[in-house]
Amino acid sequence: DLKIFSRYNTNARIVFTGSIHEVGFNRGRIPNNFESMQPRNIYGISKKLVYDSMHIMQSNSLKHVSFCWVRLANVYGVGDHSKKILSNIIDGAYKNKRIVFKNINAFVDFFYIDDAATGILLAMFSDCEGVVNLGSGYGYYLSNIQDFIQSYLQKTTDDTKIKIRTHLDSTFGSVLDISRASVELNYKSSISMEVGLSKCVEFLRHKL
């Protein structure tokens, strides 16, 4: 029972993760019908879990508990979910097929799964409360990522010259603000997009 948990463990701390996808639509507010939401994909499921967690956090049951909501940008890595866009881009590149994006200006912040795990652990063993964002601190166009993967697969010489253009901001959106994580958690993204994607591509090379 959460009330008992809160009452007798005054040093309790709960760290939970959630997607940032709800930010642009509801700005962190819980919709009135969040209990009846029917998630239709993995992003919807993530959003539903965040809403449920926020609802619990705002209740009186856990008023003595230290909370930290670690909000994640798009996470990628070896063994990524097959329905996520990066997996589809890599699979398409192996089949010599380009993905056609509905939004040609799709602009997102990605970071590698190892960096996500590091940030969550830093939050667990810190005193940071409230909301903290984790990401790379840079934005990427999906079209640039697709170009990189195709170039990587077609490389004939040193691949270190293949780079993905990074952005601190764009006409089409802003990069996730990770300044609080940088200051309070001493967090920084350590695995570059190029290195992380190369790991994913090589992993799938042996699976296809």
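All figures in this text were calculated on a predicted structure; none of them were measured in a lab.
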Distance in Å, L122 CG paired with Y187 OH, rounded so as to fall on 0.5 Å steps: 9.0 Å
Qualifying salt bridge (charged side-chain N to carboxylate O under 4.0 Å, His left out) pairs with a residue from residues 125-138, counting only residues at least two apart or across chains: none
Do [X] and [Y] come within less than 4.5 Å of each other through their side chains, counting heavy atoms only?
X	Y	result
D169	Y138	no
I85	L142	yes
Y112	M193	no
I113	V78	no
L153	F148	no

I'd like to know if the side chain of [X] reaches the main chain of [Y], judged simply by a donor and an acceptor atom lying under 3.5 Å from each other, with no hydrogens or angles considered.
X	Y	answer
D115	I191	yes
Y76	C200	no
D109	G135	no
S136	F111	no
K84	V75	yes
Q146	R98	no
Y141	T166	no

Between [X] and [Y], is there shared hydrophobic-cluster membership here, with clusters defined by ILVMFWY side-chain heavy atoms closer than 4.5 Å?
X	Y	result
V183	V131	no
I104	V108	no
I164	V195	yes
Y140	V100	no

Matching residue for E184 among C128, S126, C68, S179 - test: side chain to side chain contact (heavy atoms under 4.5 Å, CB included): C128
Test side-chain hydrogen bond (donor to acceptor under 3.5 Å, both in side chains) applied to Y152 and E202, step by step: CA-CA 10 Å; Y152 179 84; E202 293 300 330; 2.7 Å; yes
Nearest heavy atoms of L168 and G137, plus distance in Å: CD2-O, 3.8 Å
Full working for side-chain contact (heavy atoms from CB on, under 4.5 Å) between I178 and L134: CA-CA 6 Å; I178 61 170; L134 292 183; 5.6 Å; no
Criterion side-chain contact (heavy atoms from CB on, under 4.5 Å) on I145 and L86, from CA distance to verdict: CA-CA 9 Å; I145 291 172; L86 271 180; 3.6 Å; yes
Polar side chain donor-acceptor pair, R165 to N144, under 3.5 angstrom: no
Heavy atoms from other residues, nucleotides or ligands near CG of N186 exceed 12 (cutoff 6.0 Å): no
